[in-house]
Every structure is written in C-alpha cells, then in structure tokens.
Amino acid sequence: MNPKVLLVGINAKFIHTNLAIRTLKANAGEYESMVEICEYTINHRREEILAHLYEKKPDVVGFSCYLWNIEYVLAVADDLKKILPDLKVIAGGPEVSYHPVEVLEKTPFLDVIMIGEGERTFREYLKWMSAGYKGNTAEKELQKIDGIAYRKREWNGTGETTGNEIVVTAPRQGLPMDELVFPYKDLAGLENRILYYESIRGCPFSCSYCLSSIEKTVRIKSLDKTKKELDFFLENKVPQVKFVDRTFNCNHNYAYEIWRYIGEHDNGFTNFHFEIGGDLLREEDFQLFRTFRPGLIQFEIGVQSTNEQTIEAIRRTMDLERLRYNIEQVHNGRNIHEHLDLIAGLPYEGYESFKKSFNEVYAMKPDQLQLGFLKVLTGSYMNEVKEEYEICFSAYPPYEVFSTKWLSYNEILKLKQVEEMVEVYYNSFQFQATMAYLVSYFDTPFDMYEKMGRYYKERELLDVKHSRINRYEILFDFCIELLGENECLEEIREVLTYDLYSRDYVKNPPAFVSPRSEELKKKIRHFFDRETENPKDIHGYEGLVTKQLFNLIYIDSFTVDMEILLETGEKRIRPKTYWMFDYRKRNPLNHSADVRKITLLD
C-alpha cells in the first residue's frame, strides 16, 4: 500500500510560498499522487498546525527547514512524533543539511535528513517506502539512497529495532537543470502571493558568510525551458515572481536574453525580482532596461560593505566605481526599483567603517537600503574563522552577531536603532521630501539616522507600535528639537505635508498641517469646475462632479521647490506653487500618488 506523504512548508508571511516542497512534489514522478502539500506561517498557533497534520493521518511528513522557521518546525515535529509514534519524520533544507549528524543527535524525533538537492533523493525515498521492505533488507535498500542521513535500525527475531547508529550515505550529485519538473501547475489558493522561481543553482562567488558559496559549480536552465516556464507566470498574470538565483547575471548572455524576453512579453502586470551583481551590468543592459514598463523588474544588490579590506576578507570581488556607475544608470531610467544591502559585523568593519559604507551606499540613492547583521551559519567559511575574528554570536537561529574584534555589542545596538529609523523613514517611501530636507543639517546621512534613533530611544519610542500619522508627528517634534521652533518651521511643515499627502488623502491631518485658506479652496473648486467640463489635468474621473473630486484629489500650495529638493536635495524657496495629488494614478515603484504641478486661476 502506498504511504500517505505530507510536505510541510512554514513560511515567514502568508504572502510567501514555499518553492522547495512544490519542487519535491513535482519531481516525485510516479509517486507524486501520494504527496500532499501543507503550507502555514510562523504566525499560526503550533497547536493548530499539529491538529491539522494529525487529522490527515500521514505515514510520512517532511519539513522544509530555514533560519526563520527551524525552531518552530522542530517543535511541531517533536509534538507530532509523540502523538503519531509510527510516523516517519524527514527534514531538509539549509538548516539541517550542512550538519545532519549533529541535528539527528539532538532530535530523536527526526528519522531522516535529506542532504543537499532533494528531488531525486525524495523520489527514491518514496520508492523505498512504497516497496514495503522489512527487516535488514529495508536497511540495505535505504543505504543505497544517496544524500540522506538516518538512524541505522537492526531487527531481532521479534521484529523490534535495536541500535541507533547514524548513517550518512554517499553525496547526492546535482541534477541537470533541464531535468527539473516545473513546480507550478494549479495556482488555486496562490492568488496575490509571491511565487518563487529557480533557473540557476550554485554561485560563482565564494562569499564567506553564504552557504551558496559551498557549491562552486553553476548550473543554468536552458533558455528555451526558462522562457516556456516564464510564459506560465505571464499567462496567469502572477503579481510577483522572485528568482531565487543567487547572482542571476553571473552569465551575462543568459541574463540579458531572459530580460529581453520578459520585456517583449510583458503582460502589463507581473513584476520580476532578481538578485544580481550590480557591478556586472553592461551598457547593453541599460539600453534594454530603458524600454521596460516601470515596475516590470526590480533588483536586489548585495553591496555588503565598501571597505576594500572587508570585501577581500569575505572573499568577494567588487568593482565599487563600476557599481556606482551602474546603479546610477539604472536609477536614471526611473523605471526599476533598486534594493541595496549592507551587512554589519563583517571582518575589519568597525563602527566608523560601517558608517562610511552606509554613507557611500546612501549616496547611490537606492529605492531601499537594507541594513542586515551578520549571521554565522553552520557550514559557512565565516563559521570556520569565527575565533580568528573574535565573532561572538547567538547559538540560536538566526545566529546573529553580537560583537566582533572591530565592533562592540553596544555599537551593534546603536546600529539596530539606525536600522529601524532607515526602515521607517527611508524604506517606507513615506518621508522622501523630509529626509532630503533634513539631511543638510547633518554632516552625513548616517548621522541623521543615528540622531533620530537616539531621539526614539531617549523617549522610549522604540519597540512601540506607532500609527502612520504618529510617525509624522514624532518626526515633526524631532525637527523642532533639532532646529528650534522658529527656524525653517514653515518649511518643515510644508515638506512633511507634502510627504503625508503623497501617500494618501488624510481627511483628519495632524496639527502640523496648516489648513488651506478659504481663498485657496475657492480656487480649487473653480479648477475642478473647469476640469469636469473640459478635462486637461485630470483624467480617469469622468462623470464625477466638483464635490466628489474635492474629496478624491488633494491640492495644496508650497513655497519649497519640491522638484529640486527631491532631485538634488537643494532647498529653494519660490513663489507659491500648486501641486495636485492624484491617488488613482500611483508610482508603480513606490506606490506614491501621482504628484504634479498645476495652475490655479483666480
């Protein structure tokens, strides 16, 4: 009788999907019908997941293990084994693959760990389960499966098992990428969720903190296969497809051809996310990118540090000047979201060095700047040299750094405050004008975010859930303390108001927003009257009357030249200019309203 098999993915958020369990099921061959996918998030109650799995009465349950879910997964697996003692529990993924013996020694409830690529391994394991082998024959046949670790069982005359030796079989060789079966068939239940896709395995680089560096070879799907699979996403109008390939453009010709194909077959809806080597882009890439719809693709670029000694120590190669130039070329197109990463806690990167790295990357004007903290992963080279670098880190996932030879724990805490301020006031896109205005009052951008973090800490505002409006009010109070109540107060009010309404039409604005005069409201009504009769500046609101437009579109006057401020950071005061905030037309890169100058007549 065929066993009933559940593959369990526990994601960080509901919007995420688990590629690993779908790939295993799709590549199970004749055993695919035995496999059912069960997907949850770490926000589910463990008791809820436990009950759901128990009620399905499985014979085998496999868990996908990552940094963000390993403790949660092990707790569920432990409890599940207690209530289903005959259940076979298998685990795979980076959190168990690189030290399988140690994991099995600590987790008596796990029966098998799949090491490395699991598609063939999983299929062969299902074949073994289905064969119904008994006694020592079962043990001999199990040993023939490459890429697993398990507890050796011995059978006596009564059938009882004795012994608990851990066996690690021969390494599993990687599959040719074109042999992989596409993991998506039915998208029911996956509407409006991020789908993950893989076209490359391995990485040509050897970054010391990354597990991908362990596999030196790079395997790439054929262009024809990748294009055919991308057609599925395009035809089904999937909102976002994230390529999990570590450095998508490590093969320039392949990357260029895929980008060209995506551009030519754009469905006007789907967004494609790529992790790339920013300094590997070429001039022909920029020419191609300029033809793309805004929001068609987005890039994540791991800069990590601009300290040359640090870059060398972590075994990276990076042409920083080329990187600056390439990021600027992409940025100038204004149609591709760029997300740049930094890592705190790397070798030779002290507080002042990290500050320099931050400021240099900030000057590149990324759409988002992610401050991460070194995670010392088992199996990585960084773990091997932790004593040399005096790296102190947590023994628990995600194994994050506490201190290094160059960076103290107290400095890590200060960087955590900077991280939160950057996340709230830069990466949210909700304070762009205000940040551009304020930064001129500091020696560097880092100093600004450091000061803001200290302000939050001194007032016990960190680790508090704030509303969006409250974030603006806190920032206004910060500006008053920084600049005084008289200096530039009206300019601060203006830039904060501009930012506030760039996101949404706030009907009950905070106190710093100066009410529009009756004279201005009268001009706005006359403007709307004209637009309802003969639309010139407003489109997409046909059939609506002035009163409706007044409640849907915000218009206000500003003396700060917002255009110059956002473009160059320069503060210029001009005669009153009128700006219209159209919320039905939004920037696809940051979801801000379409904001443009208009002319109001008396």
Side-chain angles (χ1 to χ4, degrees), residues 7 9 11 13-39 64 117-120 122-123 174-202 218-251 253-276 288-289 291-300 335-337 588:
L7 288 178
N11 304 319
K13 296 179 181 178
F14 174 77
I15 197 172
H16 298 168
T17 51
N18 189 296
L19 176 61
I21 59 176
R22 287 180 168 80
T23 299
L24 291 182
K25 176 176 170 61
N27 286 274
E30 64 268 38
Y31 307 104
E32 184 180 359
S33 60
M34 295 162 36
V35 182
E36 180 181 345
I37 285 176
C38 298
E39 213 161 3
S64 179
E117 291 188 9
E119 289 86 4
R120 281 180 176 167
F122 183 62
R123 182 174 176 175
L175 273 169
M177 293 297 286
D178 277 13
E179 290 186 18
L180 288 172
V181 178
F182 186 60
Y184 299 102
K185 295 177 182 177
D186 181 7
L187 295 182
L190 298 181
E191 298 84 0
N192 300 315
R193 294 175 70 178
I194 298 170
L195 299 189
Y196 295 87
Y197 178 71
E198 181 180 39
S199 72
I200 301 174
R201 285 187 178 175
V218 176
R219 287 167 287 143
I220 304 177
K221 280 182 186 175
S222 66
L223 285 169
D224 287 343
K225 182 173 175 62
T226 301
K227 291 175 182 179
K228 182 179 178 181
E229 292 174 347
L230 293 181
D231 285 341
F232 175 85
F233 298 127
L234 292 165
E235 290 164 5
N236 285 278
K237 291 196 170 182
V238 173
Q240 186 177 55
V241 177
K242 278 196 171 186
F243 280 67
V244 298
D245 310 335
R246 281 300 180 185
T247 307
F248 178 74
N249 61 334
C250 62
N251 181 309
N253 293 336
Y254 174 80
Y256 181 87
E257 183 59 26
I258 293 303
W259 287 329
R260 186 192 63 78
Y261 187 82
I262 288 172
E264 290 180 354
H265 295 80
D266 181 16
N267 62 12
F269 182 75
T270 302
N271 164 266
F272 293 91
H273 175 106
F274 301 93
E275 183 177 325
I276 67 168
L288 176 65
F289 297 157
T291 68
F292 286 176
R293 161 181 61 88
L296 172 62
I297 66 173
Q298 64 187 53
F299 291 144
E300 181 175 351
N335 61 343
I336 296 174
H337 173 103

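Remember, it's a predicted structure, so these values are computed and weren't measured experimentally. All residue numbers refer to positions in the sequence shown, counting from 1. All values below were derived from every heavy atom in this structure, side-chain atoms included, with hydrogens, water molecules and symmetry-related copies excluded.
With rounding to the nearest 0.5 angstrom, the NE2 atom of His337 is 11.5 Å from the CZ atom of Phe299. Atom CD1 of residue Ile15 and atom CG of residue Leu190 lie 11.5 Å apart, to the nearest 0.5 angstrom. The NZ atom of Lys225 sits 6.0 Å away from the CG atom of Asp178 when rounded to the nearest 0.5 Å. Atom CG of residue Leu187 and atom CG of residue Leu195 lie 6.0 Å apart, to the nearest 0.5 angstrom. Phe272 contributes atom CZ, which lies 10.0 Å from atom CD of Gln240 (distance to the nearest 0.5 angstrom). Within the model, atoms CG of Asn267 and NE2 of His265 stand 11.0 Å from one another, a figure rounded to the nearest 0.5 Å.
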- How far apart are the C-alpha atoms of Asn236 and Phe232, what are their side-chain angles, what is the distance that settles it, and do they pass the side-chain contact (heavy atoms from CB on, under 4.5 Å) test? CA-CA 6 Å; Asn236 285 278; Phe232 175 85; 3.4 Å; yes

- Message: Assess the residue pair Met177 and Ile220 against the criterion (side-chain contact (heavy atoms from CB on, under 4.5 Å)); give the C-alpha distance rounded to whole Å, side-chain angles, the decisive distance to 0.1 Å, and a yes or no.
- Response: CA-CA 6 Å; Met177 293 297 286; Ile220 304 177; 5.7 Å; no

- Report the C-alpha distance between Leu19 and Val244 in whole Å, list the side-chain angles of each, state the deciding distance to 0.1 Å, and finish with yes or no for side-chain contact (heavy atoms from CB on, under 4.5 Å). CA-CA 9 Å; Leu19 176 61; Val244 298; 4.1 Å; yes

- Show your working on side chain to side chain donor-acceptor pair (under 3.5 Å) between Glu300 and His273 and close with a plain yes or no. CA-CA 8 Å; Glu300 181 175 351; His273 175 106; 3.2 Å; yes

- For Phe243 and Leu230, run side-chain contact (heavy atoms from CB on, under 4.5 Å): C-alpha distance rounded to whole Å, both residues' side-chain angles, the deciding distance at 0.1 Å, then the answer. CA-CA 11 Å; Phe243 280 67; Leu230 293 181; 3.7 Å; yes

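Listed by chain and residue number, nothing satisfies the salt bridge (Lys or Arg N to Asp or Glu O under 4.0 Å) test with Lys237 (two or more places apart in sequence, or in another chain). Residues that satisfy the ring-ring contact (aromatic ring centres under 6.0 Å, His included) test with Phe233, not counting sequence neighbours, are Phe182, Tyr184, Tyr197. Evaluation of the side chain to side chain contact (heavy atoms under 4.5 Å, CB included) rule for Phe292 yields Trp259, Leu288, Phe289, Leu296, Ile297, Asn335 as partners, not counting sequence neighbours. Glu235 is linked by a side chain to side chain contact (heavy atoms under 4.5 Å, CB included) to Asp231, counting only residues two or more places apart in sequence or in another chain. Under the ring-ring contact (aromatic ring centres under 6.0 Å, His included) criterion, Phe269 pairs with no residue at all, not counting sequence neighbours. Applying the salt bridge (Lys or Arg N to Asp or Glu O under 4.0 Å) rule to Lys13 yields no partners; only residues at least two apart in sequence or on another chain are considered.
In this structure, a donor-acceptor pair under 3.5 Å is absent between the side chains of Tyr261 and Thr226.
Closest approach of Ala20 and Ser64 over heavy atoms only: CB-OG, 3.9 Å. Here the closest heavy-atom approach between residue Cys250 and residue Val218 is recorded as SG-CG1, 4.2 Å. Across every non-hydrogen atom of Leu180 and Glu229, the tightest pair is O-OE2, 4.4 Å. Residue Val238 comes nearest to Thr270 through the heavy atom pair O-OG1, 2.7 Å, listed as atom of the first residue, atom of the second, then distance. Counting all heavy atoms, side chain and backbone alike, Pro176 lies closest to Arg120 at CD-NH2, 4.3 Å.
The backbone N or O of Lys221 lies less than 3.5 Å from no partner atom in the side chain of Ser199, so there is not a single donor-acceptor pair. Looking only at distances, no side-chain donor or acceptor of Lys227 sits under 3.5 Å from a matching main-chain atom of Ile258. For Asp245 (side chain) and Ile200 (main-chain N/O), a donor-acceptor pair under 3.5 Å exists by modelled atom type. With hydrogens and angles disregarded, a donor-acceptor distance shorter than 3.5 Å links the side chain of Asn27 to the backbone of Val181. Formation of a donor-acceptor pair under 3.5 Å by the Arg219 side chain with backbone atoms of Gly202 is not found in this model. Panel note: side chain Asn271, backbone Gly295; a donor-acceptor pair is recorded below 3.5 Å. When atom types are taken as modelled, the side chain of Glu191 and the backbone of Gly189 share a donor-acceptor pair closer than 3.5 angstrom. Proximity of a side-chain donor or acceptor of Glu257 to a complementary backbone N or O of Leu223 within less than 3.5 Å is not detected. A donor-acceptor pair is defined here as one N or O able to donate and one able to accept, closer than 3.5 Å; such a pair exists between the side chain of Asp186 and the backbone of Ala188.
A salt bridge between Glu198 and Arg201 is present, with a side-chain N of the basic residue lying under 4.0 Å from a carboxylate O of the acidic one. We find that Arg123 and Glu30 are joined by a salt bridge, their nearest charged nitrogen and carboxylate oxygen being less than 4.0 Å apart. Using a 4.0 Å cut-off between charged nitrogen and carboxylate oxygen, Glu39 and Arg22 count as a salt-bridge pair.
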